[in-house]
Number of protein chains: 2
Amino acid sequence: MKEAKQRSTCPVSTSLDLLGDKWTLLIIRDLVFGGKSTYGEFLQSAEKIATNILADRLTLLETQGMLTKVVAPDKKSKFIYRLTEKGIDTVPILVTLLLWGVKHGPTVIDPGLLKEIQTEPAAAIEKYQRLVREKALLPLE
Amino acid sequence: MKEAKQRSTCPVSTSLDLLGDKWTLLIIRDLVFGGKSTYGEFLQSAEKIATNILADRLTLLETQGMLTKVVAPDKKSKFIYRLTEKGIDTVPILVTLLLWGVKHGPTVIDPGLLKEIQTEPAAAIEKYQRLVREKALLPLE
DNA sequence: ATATTTACTTGCAATTTGCAAGTCAAAGGT
DNA sequence: ACCTTTGACTTGCAAATTGCAAGTAAATAT
């Protein structure tokens, strides 16, 4: 599993030490914008993450305090993953990546969401952070 | 070299297709905040990128239109790398990564720069984008 | 002429990724 | 009770990527 070493004291570098790969931020995207919260749901995303990579990243994110794992109230064999405040703090990163992707790549995105994020990025960030925070407090799905 | 495929049409995903690794954004950081612009200067950064990885990422960034390569006016054996507008558009990503790193990791950063970025992120982003843009128009160093 | 600088390449070993298949406990169906 | 399905992982291995260390080659410098 690994992935612990800090390459330097630069804050950009330390962020990339944890978030700088092709999958980690996609899992967080699914949690924030995809309404997903279980292993099986993450597997279904369009990018088709491999099962071993997903398991690796989930335990990594958990050990790094980005998310918590809890058994589903309706099913003891199911787990629900929720972002911690540390994880919720990555929403601005997701949003800036989204805006750059929209501008420079061939992408498809819900027009309503795009307009919301483009016109008032700061407000949109706060809104989705609030939504995911509230969801974490619900009586569990 | 590789690195071309688009995994999905999600803008977050397409951004990560190009920027989602441990080194690419560090090179851009050096260009924006480090005042660096040559192969040798990138090699000197604290994270100690390997020479083959650096060469790979530079050609990748060049083919993707993120930066341009031009011979130095004073030395024909030296090249100067400059960000394109597409590359300059990644500054908001760098800044959000920086702010997350400052908040959640043990990092060291110039207090003046930090205060500037923390109090008025949008203004700071515009300022550094302008600075790197102006530098690209200078009579070359 | 010789040495040094600058920008890479090349040759592996080690690590990481990506499939495909297998395991295992808990639910659900009959 | 027994069999099937669901959900969450593990395991085995080939392929791709990364990380050293060393080597190449064209310009400059001495």
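What's counted below: heavy atoms across the whole structure, side chains too, no hydrogens, waters or symmetry copies. Proteins get letters first, then strands, A, B, ... in listed order; numbering begins at 1 in each.
For a distance-only test at 3.5 Å, the side chain of Thr51(A) qualifies as a donor-acceptor partner of the base of dT10(D).
When all heavy atoms of Gly20(A) and Lys22(B) are compared, the pair lying nearest together is O-NZ, 3.1 Å.
Taking atom CG on Asp56(B) and atom P on dT9(C), their separation rounds to 10 Å, with Å as the unit. The interatomic distance linking Lys78(B) (NZ) with dA27(D) (P) rounds to 16 Å, in whole Å. The distance from atom CG of Leu16(B) to atom P of dT17(C) is 14 Å, rounded to the nearest whole Å.
Here Lys127(A) pairs with Glu116(A) in a salt bridge; the nearest charged N to carboxylate O distance falls below 4.0 Å. Between Arg57(A) and Glu62(A), no side-chain nitrogen of the basic residue sits less than 4.0 Å from a carboxylate oxygen of the acidic one, so the salt-bridge criterion is not met.
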Given Lys78(B) and Val71(B), is the side chain to side chain contact (heavy atoms under 4.5 Å, CB included) satisfied, shown in steps? CA-CA 6 Å; Lys78(B) 196 169 150 188; Val71(B) 292; over 6 Å; no

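Nearest-nucleotide assignment on DNA chain D puts the 5′-proximal partner with Ser77(A), out of Ser77(A) and Asn52(A). Residue Ala55(A) is the one, among Ile53(B) and Ala55(A), whose nearest nucleotide of DNA chain D lies closer to the 5' end (criterion: closest heavy atom).
Across all strands shown, Lys48(B) has no heavy atoms under 4.0 Å from either base or sugar-phosphate atoms. If you check every strand for non-hydrogen atoms under 4.0 Å, Tyr81(B) touches sugar and phosphate atoms only.
When distances are taken from the side chain of Trp23(A) to each of dG18(C), dT10(D), dT28(D), the shortest belongs to dG18(C). Residue Ala50(A) has its side chain nearest to dC19(C) when only dT18(D), dA7(C), dC19(C) are considered.
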